[in-house]
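Have a look at the structure below, then the notes.
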Protein chains: 2
Amino acid sequence: MSEDDEAPRGRRRGSIGARRNPETEAAVLMAAQALLAEKGYAGFSIDEVARRAGAGKPTIYRWWPTKADLFVAVYEQDKAAFVADPHAGDLKSDLIAYTRALWTFWRDSPAGCTFRALVAEAQGSKAALAALRDKFLPERVRTLRNIFARAAVRGEIDAADVEALLELYVGFNWLRMLTDRIADDKAAVDRMARLIAGARGDRKAG
Amino acid sequence: MSEDDEAPRGRRRGSIGARRNPETEAAVLMAAQALLAEKGYAGFSIDEVARRAGAGKPTIYRWWPTKADLFVAVYEQDKAAFVADPHAGDLKSDLIAYTRALWTFWRDSPAGCTFRALVAEAQGSKAALAALRDKFLPERVRTLRNIFARAAVRGEIDAADVEALLELYVGFNWLRMLTDRIADDKAAVDRMARLIAGARGDRKAG
DNA sequence: GCCACATATAAACGAACCGTTCCGTTATGA
DNA sequence: TCATAACGGAACGGTTCGTTTATATGTGGC
């Protein structure tokens, strides 16, 4: 929030030669993050980011050709604040721990706004959709897949069901986030985790 | 697609007095629907809708103050094409039938585009979010709740789990639609339905 | 029959954002 | 030394936004 970070209107931050200026990169990501947190997706504009970062629009478009690229970069920067990889011993407990950590992360950092913006952007742009589906999602889901895989090894779930259960779980979180219902709802999270962890779906009834 | 519906550029459609003109309403909804189907969310604009419908922008803003209102109205108009309420006898079969009908509806009508636009809009506007969460979603989920409720009556699932299972199922469909993965994937739908229908989550391990 | 009123379209408004281009400056790296 | 590339500033033409003004049209109350 200092003038050095957000609006270095006095001092100018010029080129440092034939390479990317890390100060500029940081200033742009910070400005984008703050703008998303303040105004949300509808109030977001490259012009405003450039103004706040004290950067030129050509500079921004050089490094992040589309809004989706910028959103992904902002989310990447924040992900350090979320490193949940619970080893509670059983799937249900792992899911509860992971979910509570994720929702807290989405609520208490700008990451929730960034995620929502990325999903919104993906509904209007093929490139953004590809970024969301083929880059962002697989990366976010890696830790989660391990949680389910470990449960399969322990025999809690069928190994063949891992991907489908993953989708059910991720879908639940998306639905909650996109409808702004990620308050600390212990009971709802508990019911969801119990159902997912207890889903056997005995193949006989095919 | 006739000139009467989409672009009555020759003939003018004036006021019919101190009340809404049904012709204008229909022309606007048709134009909005076609534009969404053609250009998607990013390419959608009120200006273009007004041009295509041969209507004035003030007229559109009078009856649909926000884009979300217009999207909801467009979806409402199309919902007649989707009346799935399967009574196959068991939950898994019902879910498979419903899902296949829903995905077909989303793929083969403009409804999928409209849904995606509404979700996107809701990520940038409080009013749109409220419309999506408190009006659109509850309405869409009614039939679905009956399917789960009937399964509970038959003893296939616990009545106390209906709402949570509903959320898991709806989340799955949202995730698929918003990442544009609603091709006719028989195997994936089957796995999902089997897991949801078989979710008991025996309360003991609470 | 007359008139207040609400509706309809057209045209234009100022503001904002888009993505791009040109320019002058600065510093690297060959 | 010097081509190269990154930087910020300014402006471009085009589009959309939501609103306002003006005018025509038909309803419903009197």
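Letters go in sequence order (proteins before strands), and every chain restarts at 1.
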Distance test, side-chain N/O of Thr59(B) to OP1/OP2 of dT9(C), below 4.0 Å
yes
Considering only nitrogen or oxygen atoms on both sides, find all protein atoms under 3.5 Å from nucleotides 24-30 of chain C and state each distance.
{"unit_1": "dT26(C)", "atom_1": "O2", "unit_2": "Ser15(A)", "atom_2": "OG", "d": "3.4"}
{"unit_1": "dA27(C)", "atom_1": "O3'", "unit_2": "Ile16(A)", "atom_2": "O", "d": "3.3"}

| request: For Arg13(B) and Ala53(B), indicate whether the former's side chain and the latter's backbone hold a donor-acceptor pair under 3.5 Å. | output: yes
Within the side chain of Asn21(A), is there an N or O that forms a donor-acceptor pair under 3.5 Å with the backbone of Ile16(A)? no
Reading nucleotides 15-22 of chain C from 5' to 3' and marking B where a protein heavy atom lies under 4.0 Å of the base, S where only the sugar-phosphate is that close, and - otherwise, the string is --SBBBB-
Residues pairing under side-chain hydrogen bond (donor to acceptor under 3.5 Å, both in side chains) where one sits in residues 104-113 of chain B, two or more places apart or in two chains, turn out to be Tyr75(B)-Trp106(B)
By side chain to side chain contact (heavy atoms under 4.5 Å, CB included), Arg100(B) pairs with (sequence neighbours left out) Ile96(B), Asp184(B), Lys186(B)
Residues at least two apart in sequence or cross-chain that pass side chain to side chain contact (heavy atoms under 4.5 Å, CB included) with Asp47(A), listed by chain then number, are Ser45(A), Arg51(A), Lys57(A)
If the cut-off is 4.0 Å, is Trp63(A) near the phosphate of dA6(D), judged by side-chain N/O to OP1 or OP2? no
Separation of dA10(C) atom P from Ile60(B) atom CD1, nearest Å, is 11 Å
Rounded to whole Å, CZ of Arg20(B) lies from P of dA8(C) at a distance of 8 Å
CZ of Phe136(A) to OG1 of Thr179(B), rounded to nearest 0.5 Å, is 12.5 Å
Note to self: Using a heavy-atom cut-off of 4.0 Å across all strands, would you classify Ala55(B) as base, sugar-phosphate, or nothing?
What the structure shows: sugar-phosphate
The nucleotide from dA8(C), dC7(D), dT9(C) with an atom nearest the side chain of Asn21(B) is dA8(C)
Is the backbone of Thr66(A) close enough, under 3.5 Å, to the side chain of Asp69(A) for a donor and an acceptor to pair up by distance?
yes
Those residues at least two apart in sequence (or on a different chain) that pass side chain to side chain contact (heavy atoms under 4.5 Å, CB included) with Glu76(B) are Val72(B), Lys79(B), Glu139(B), Arg140(B)
Is the NZ or CZ atom of Arg176(B) both under 6.0 Å from the centre of the six-membered ring of Trp103(B) and within 45° of that ring's axis? no
From CH2 of Trp64(B) across to P of dC17(D) the rounded distance in Å is 15 Å
If you compare every side-chain N and O of Arg62(B) against the phosphate oxygens of dA8(C) (OP1, OP2), does one of them come in below 4.0 Å? yes
